[in-house]
J.: 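Dropping a structure here in structure tokens format, bear with me for questions.
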Amino acid sequence: MKRFTGLKVAAAAAALVLTATACGNAGSTGSSGSGDAGAKKKIEILQFVTHDALDATNKGFIKGLEANGFPADKVQINQLNGAGDNSNVTQMATKISQSSPDLVFAIATPAAQAVANTVKTAPVLFTAVTDPVGAKLVKSLDAPGGNVTGTSDANPVKEQLELIKQLKPEAKTVGIVYSSAESNSAVQVEWAKAAAAELGLTIEAKGISASSEVSQAASSLNVDAIYVPTDNAVVSAMASLVKVAESKKTLVIGAEAGTVKAGAVATVGINYEKLGEQTGAMAAKILKGEAKPESMKVETQTEYDVYVNETAAKNIGLTLPADLVSKAVEKY
């Protein structure tokens, strides 16, 4: 498998606990426990919202635990999902803090921030957080300094914008729809502006406060291409953004595989399942007493995969270069 080196929101009516099982049940009996739960490590998982990338990290985390000594019969996993609602997430984080877990796994920046603000004794591992320092989760990437550490999904923005120049050389303007409430999204906009300046591109950014605003924001853009960062609100409404882009024959470049599967034309991005596995391996070290979050470096990925959507390209009248298609690990 070649690599490129370099850098449905689940509707839940006020659901505070969606399920008490992990993938394949993961040996979980829920937070209420059972007679044999005493020997098991109790792990709380809080996922901000349901979409492909975050789901993949959740699955990967459990695989990482299993591969490093914590299979289903050694863990009791309780799954929580905020359905993209910050108030839900805050309530869930409070509930987690009262449950005496052995470890907490938080998926995406809003979930990680909520957990970090409430859970002060148990180890907390995060993933799908773009800027852990900026989000005030750790003091530094090399020395987190508290009970929180994990993996960052900082993406190779420049390489992703270079795809725009490769696929549409005449492009001059790039639109970005992003959630103004997500700190990870704001920092990606700044990264994109810096990279765009080097590539002779201009960024036009439109902030939103909810997924329902994505279509209108995309419609207001008058640009040559659209870049979709790892923004939970935008990715959750990817279908509406793609619909607008295809109506205008506008190239869409994503920041991860899920956006390409959902209708972006291509990306050079992170494998989120592998990122989850990486976090699971870190968690296993902590559970074994081999490491402590305060001195455990925040990890990232340094190899990135190419993903292409040939159908999406065809829908805007674009033929993908054969060499790019040949590098793709997934084609849609």
Side-chain angles (χ1 to χ4, degrees), residues 9-51 54-129 137 147-151 232 273 276-277 279-288 293:
V9 172
L16 296 184
V17 180
L18 294 188
T19 178
T21 58
C23 298
N25 291 328
S28 171
T29 58
S31 59
S32 60
S34 68
D36 65 348
K40 296 181 179 181
K41 294 295 185 180
K42 183 177 180 181
I43 300 173
E44 296 277 354
I45 298 180
L46 176 55
Q47 181 171 325
F48 177 58
V49 71
T50 298
H51 62 65
L54 302 191
D55 294 349
T57 62
N58 198 324
K59 177 181 177 182
F61 179 75
I62 294 170
K63 287 177 65 177
L65 286 173
E66 292 175 345
N68 289 277
F70 291 93
D73 61 348
K74 290 189 177 182
V75 292
Q76 176 186 331
I77 294 178
N78 186 44
Q79 292 270 9
L80 304 174
N81 190 308
D85 186 315
N86 283 311
S87 62
N88 277 353
V89 170
T90 299
Q91 292 178 61
M92 290 174 180
T94 299
K95 185 170 184 175
I96 287 172
S97 71
Q98 300 167 349
S99 68
S100 301
D102 291 298
L103 184 140
V104 183
F105 178 46
I107 306 174
T109 302
Q113 289 174 318
V115 171
N117 286 336
T118 56
V119 179
K120 299 300 183 180
T121 55
V124 174
L125 272 292
F126 60 75
T127 195
V129 173
L137 295 171
N147 66 316
V148 181
T149 189
T151 57
N232 295 294
E273 185 169 333
E277 290 182 40
T279 320
M282 294 174 70
K285 288 181 180 180
I286 292 172
L287 292 172
K288 291 175 182 177

J.: Applying side-chain contact (heavy atoms from CB on, under 4.5 Å) to Q47 and D55, what does each step give before you reach the verdict?
T.: CA-CA 8 Å; Q47 181 171 325; D55 294 349; 2.8 Å; yes
J.: Got a second to check how far L137's CG is from T149's OG1, nearest 0.5 Å?
T.: 10.0 Å
J.: Please walk me through it: do Q79 and I62 pass side-chain contact (heavy atoms from CB on, under 4.5 Å)?
T.: CA-CA 11 Å; Q79 292 270 9; I62 294 170; 3.9 Å; yes
J.: When rounded to the nearest 0.5 angstrom, what is the spacing between CD1 in I77 and CD1 in I43?
T.: 5.0 Å
J.: Has K288 got more than 12 heavy atoms of other residues, nucleotides or ligands less than 6.0 Å from its NZ?
T.: yes
J.: Might you point out which heavy atoms bring V104 and P101 nearest each other, and give the distance in Å?
T.: CG2-CG, 3.7 Å
J.: In chain order, what residues pass the side chain to side chain donor-acceptor pair (under 3.5 Å) check against D85, with sequence neighbours excluded?
T.: S87
J.: Where do K41 and L103 land on the side-chain contact (heavy atoms from CB on, under 4.5 Å) test, with the steps shown first?
T.: CA-CA 8 Å; K41 294 295 185 180; L103 184 140; over 6 Å; no
J.: Run the side chain to side chain donor-acceptor pair (under 3.5 Å) test against T109 and tell me which residues pass, sequence neighbours left out.
T.: none
J.: With rounding to the nearest 0.5 angstrom, report the CE to CG distance, M282 to N68.
T.: 12.0 Å
J.: Kindly compute the distance separating CD (E66) from CD (E277), expressed to the nearest 0.5 Å.
T.: 10.0 Å
J.: Only distances under 3.5 Å count here; give the side-chain donor-acceptor pairs of residues 111-126 to other protein atoms, sequence neighbours excluded, each with its distance to 0.1 Å.
T.:
unit_1: Q113; atom_1: NE2; unit_2: A135; atom_2: O; d: 3.3
unit_1: N117; atom_1: ND2; unit_2: Q113; atom_2: O; d: 3.1
unit_1: T118; atom_1: OG1; unit_2: A93; atom_2: O; d: 3.3
unit_1: T118; atom_1: OG1; unit_2: A114; atom_2: O; d: 3.1
unit_1: T118; atom_1: OG1; unit_2: V115; atom_2: O; d: 3.3
unit_1: K120; atom_1: NZ; unit_2: A116; atom_2: O; d: 2.9

J.: Rounded to the nearest 0.5 Å, what separation is found between the CD atom of E44 and the OG atom of S97?
T.: 10.0 Å
J.: Quick one: ring pair (Phe, Tyr, Trp, His ring centres under 6.0 Å) pairs with a partner in residues 61-83, sequence neighbours left out?
T.: F61-F105
J.: Who passes side chain to side chain contact (heavy atoms under 4.5 Å, CB included) against A56, sequence neighbours left out?
T.: Y272, E273
J.: Testing the basics here: between G82 and N88, what is the closest heavy-atom pair and its distance to 0.1 Å?
T.: O-ND2, 3.4 Å
J.: Is the backbone N or O of K42 less than 3.5 Å from a side-chain atom of D102, with the two atoms forming a donor-acceptor pair by type?
T.: yes
J.: Check the pair T279 / T57 against side-chain contact (heavy atoms from CB on, under 4.5 Å), numbers first and verdict last.
T.: CA-CA 9 Å; T279 320; T57 62; over 6 Å; no
J.: Of all the heavy-atom pairs spanning A128 and L54, show the shortest one and how long it is.
T.: CB-CD2, 3.7 Å
